[in-house]
Amino acid sequence: MTIRMNRRAALGLGTIATAGTVLGTAVPAGADPGGEAAAKVGAATDDRAQVASQIAAVYERLIDRAGGNWQSHVSLADQGGDAALVAVSESADQRIEAYSVNKIAVAAAVLDKVDRGLLSLDQQVEVTAAIVVPGGDGIFSLDGAYPSLVTLGHVLANLLTVSDDTAVRLCGLVCPAAEINQILVAKGFLNTRVQPVTNPNRFFLGTSTPRETHDLLRALVGGTLISAASTDFVLRLLRSPVAFTDGVRREMSSAERARIATKAGWFVDARHEAGVIFDTAGAPMVTYALFADGQSGADDFGATHPAVQARARFGRRVLDLTDGLGGSGTAHREHLYRPSNGN
């Protein structure tokens, strides 16, 4: 076992909540950690510790280039079991504003009520002009015709794919802030919580930690967070072609993108992303929570932001490094994508 110190601690720039721990042999400083040769070594030998170490080296190289502050937790599934090798753990227990990454937690709370028969995906909610977030992300603010009625399933689809801000308020109509937090605490997530406001049905998206976001995703794909049907619903949305593609999924084919369930969050100078990479059979292989802030370009919410570029390169390198490796646990096969010509 090799203990990899956080680079800030190594440089004497301050202490951190937790140092990253990597199982395996360190990559030489002059090596290309994301190169083809490195990928072949891991795939040929199925040396999980070596691959985890290579993922750590890729992470360090890319975030050093991007600059700013990073709080992350990344793991690689161990072979033939439910355990995971920690590849990256930097400030993993730091509680921070999660922004839209927490929309996964909001969806989980709503679907928990669906699982208990208190809500249904086909029940309707009203979209009024007063509830629409003007100028934000999503499509509800683009409709221009209110009121309208949509199903709760439609709300969640917009929440988790195009990260619709109005969808957050619509979720609050059926699952108030206090109830969301109660559900998350009951599931063991004490730091992942929305921030209530005066109106009980409204909230800011609140906080989490990289480790807890990572663990929530592991619980999701492991089938312990919500029911099998609700899990399939969430993963279908997060793996869909219309889900976030500027970050981890950017430098990939459509087939490769379908193997990744991901959710990004951005506000002010923060650029976050968390998700799961599945093997070709649908078994979870890599789980990541990458939280970043303080980089240049705070007004750039596109693919050219330094942190988003770093995540895009990270996703490509990790997919290459794990090529040929198998995941572990329940397999979640992708849903067939058929492009349409409008007929």
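All values below come from the heavy atoms of this structure, side chains included, with hydrogens, waters and symmetry mates left out. Values in this document were obtained by computation on a predicted structure and should not be read as measured data.
Atom OG of residue Ser72 and atom CZ of residue Arg211 lie 12.0 Å apart, to the nearest 0.5 angstrom. A distance of 13.5 Å separates CZ in Arg257 from CD in Glu334, rounded to the nearest 0.5 Å. Atom CG in Leu111 sits 8.5 Å away from atom OG1 in Thr231 (nearest 0.5 Å). Between the CZ atom of Phe244 and the OG atom of Ser100 there is a distance of 10.5 Å, given to the nearest 0.5 Å. Rounding to the nearest 0.5 Å gives a distance of 8.5 Å between CZ of Phe314 and OH of Tyr59. Distance check, rounded to the nearest 0.5 Å: OG1 of Thr166 to CD1 of Ile139 gives 10.0 Å.
Checking side-chain atoms of Asn102 against main-chain N and O of Leu205 turns up a donor-acceptor pair under 3.5 Å. Under a 3.5 Å cut-off, the side chain of Arg316 and the backbone N or O of Met252 do not form any donor-acceptor pair. Here the side chain of Thr322 pairs no donor or acceptor atom with the backbone of Leu325 at under 3.5 angstrom. Put simply, the side chain of Glu90 never gets that close to the backbone of Gln71: no donor and acceptor are under 3.5 Å apart. Here the side chain of Gln123 pairs a donor or acceptor atom with the backbone of Ser120 at under 3.5 angstrom. Between the side chain of Thr207 and the backbone N or O of Asn191, at least one donor-acceptor pair lies under 3.5 Å. A donor-acceptor pair is defined here as one N or O able to donate and one able to accept, closer than 3.5 Å; such a pair exists between the side chain of Lys113 and the backbone of Val174. In this structure, the side chain of Asn201 engages the main chain of Gly172 through a donor-acceptor pair within 3.5 Å. No donor-acceptor pair closer than 3.5 Å links the side chain of Asp246 to the backbone N or O of Gly302. Side-chain N or O atoms of Arg249 include one that pairs as donor or acceptor with a backbone N or O of Ala243 at under 3.5 Å.
Looking at Val162 and Asp137, their side chains never come closer than 4.5 Å, going by heavy atoms from C-beta outward. Counting heavy atoms from C-beta outward, Val110 and Leu156 have side chains that approach closer than 4.5 Å. Under the 4.5 Å side-chain criterion, counting only non-hydrogen atoms from C-beta, Arg317 is not in contact with Gln54. Side-chain contact check for Ile277 versus Pro284: every heavy-atom pair is 4.5 Å or farther apart. Contact check for Gln94 versus Thr209: no side-chain heavy atoms found under the 4.5 Å cut-off. A 4.5 Å side-chain heavy-atom check between Arg250 and Gln309 finds at least one atom pair inside the cut-off.
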- [ ] Starting from the C-alpha separation in whole Å, work towards a yes-or-no answer on side chain to side chain contact (heavy atoms under 4.5 Å, CB included) for Val221 and Leu217.
- [x] CA-CA 6 Å; Val221 298; Leu217 289 166; 5.9 Å; no
TODO: Starting from the C-alpha separation in whole Å, work towards a yes-or-no answer on side chain to side chain contact (heavy atoms under 4.5 Å, CB included) for Leu336 and Arg338.
DONE: CA-CA 6 Å; Leu336 186 62; Arg338 289 194 180 96; 3.1 Å; yes
Open item on the list: Pair Arg271, Arg311 - check side chain to side chain contact (heavy atoms under 4.5 Å, CB included), show working.
Closed with: CA-CA 10 Å; Arg271 302 293 185 275; Arg311 299 201 315 265; 3.7 Å; yes
- [ ] With side chain to side chain contact (heavy atoms under 4.5 Å, CB included) as the test, would you mind laying out the steps for Ile226 and Leu220 before giving the verdict?
- [x] CA-CA 7 Å; Ile226 46 182; Leu220 175 69; 3.9 Å; yes
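Taking the charged nitrogens against the carboxylate oxygens, Asp112 and Arg116 do have a contact shorter than 4.0 Å, which makes a salt bridge. A salt bridge does not link Glu212 with Arg95: every distance from a Lys NZ or Arg NE/NH1/NH2 to an Asp or Glu carboxylate oxygen is 4.0 Å or more. The pair Arg236-Asp232 does not count as a salt bridge, with every side-chain nitrogen at least 4.0 angstrom from each carboxylate oxygen.
Residue Leu216 is not grouped with residue Val248 when hydrophobic side chains (ILVMFWY) are merged at heavy-atom distances under 4.5 angstrom, including chains of intermediate members. Cluster annotation: Leu76 and Leu62 are assigned to the same hydrophobic cluster (Ile/Leu/Val/Met/Phe/Trp/Tyr, side-chain heavy-atom contacts under 4.5 Å, transitive). Leu160 and Leu225 end up in the same hydrophobic cluster when Ile, Leu, Val, Met, Phe, Trp and Tyr side chains are linked at under 4.5 Å. Note: the hydrophobic cluster containing Ile180 does not contain Ile183 (ILVMFWY, side chain heavy atoms under 4.5 Å, direct or indirect links). In the hydrophobic clustering of ILVMFWY residues, with side-chain heavy atoms under 4.5 Å counting as a link, Ile96 and Phe204 come out apart.
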Listed pairs under 3.5 Å, donor-acceptor, residues 140-152 side chains, sequence neighbours left out:
unit_1: Tyr146; atom_1: OH; unit_2: Phe140; atom_2: O; d: 2.6
unit_1: Tyr146; atom_1: OH; unit_2: Gly144; atom_2: N; d: 3.3
unit_1: Thr151; atom_1: OG1; unit_2: His154; atom_2: N; d: 3.1

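Arg333 approaches Ala281 most closely through the heavy-atom pair NH1-O, 3.8 Å. Considering every non-hydrogen atom in both Ala258 and Arg239, the closest pair reads O-NE, 2.7 Å. Between Ala87 and Ala56 the shortest heavy-atom distance is O-CB, 3.2 Å. The two residues Val185 and Arg193 make their nearest non-hydrogen contact at CG2-NH1, 3.4 Å. Of all heavy-atom pairs spanning Gly294 and Asp269, the tightest one is N-OD2, 3.0 Å. In terms of heavy atoms, Ala307 sits closest to His305 at N-ND1, 3.0 Å.
Side chains of Thr161 and Ser240: a donor-acceptor N/O pair is absent below 3.5 angstrom, by distance only. Side-chain polar atoms of Asp293 and Trp70 form no donor-acceptor pair below 3.5 angstrom. Residues Ser163 and Lys263 have side chains that bring a donor and an acceptor to within less than 3.5 angstrom of each other. Side chains of Asp115 and Ser230: a donor-acceptor N/O pair is present below 3.5 angstrom, by distance only. No donor-acceptor contact under 3.5 angstrom links the side chains of His214 and Thr287, judged on distance only. For Thr262 and Tyr288, the side-chain atoms include at least one donor-acceptor pair closer than 3.5 Å.
Other residues, nucleotides and ligands contribute more than 12 heavy atoms inside 6.0 Å of the CZ atom of Arg202.
Note on ring orientation: taking the six-membered ring where Trp is involved, the planes of His332 and Phe278 are perpendicular (angle over 60°, cut-offs 30° and 60°).
For the side chain to side chain contact (heavy atoms under 4.5 Å, CB included) test with Val133, the passing option among Asp165, Asp164, Val168 is Asp165; the others fail.
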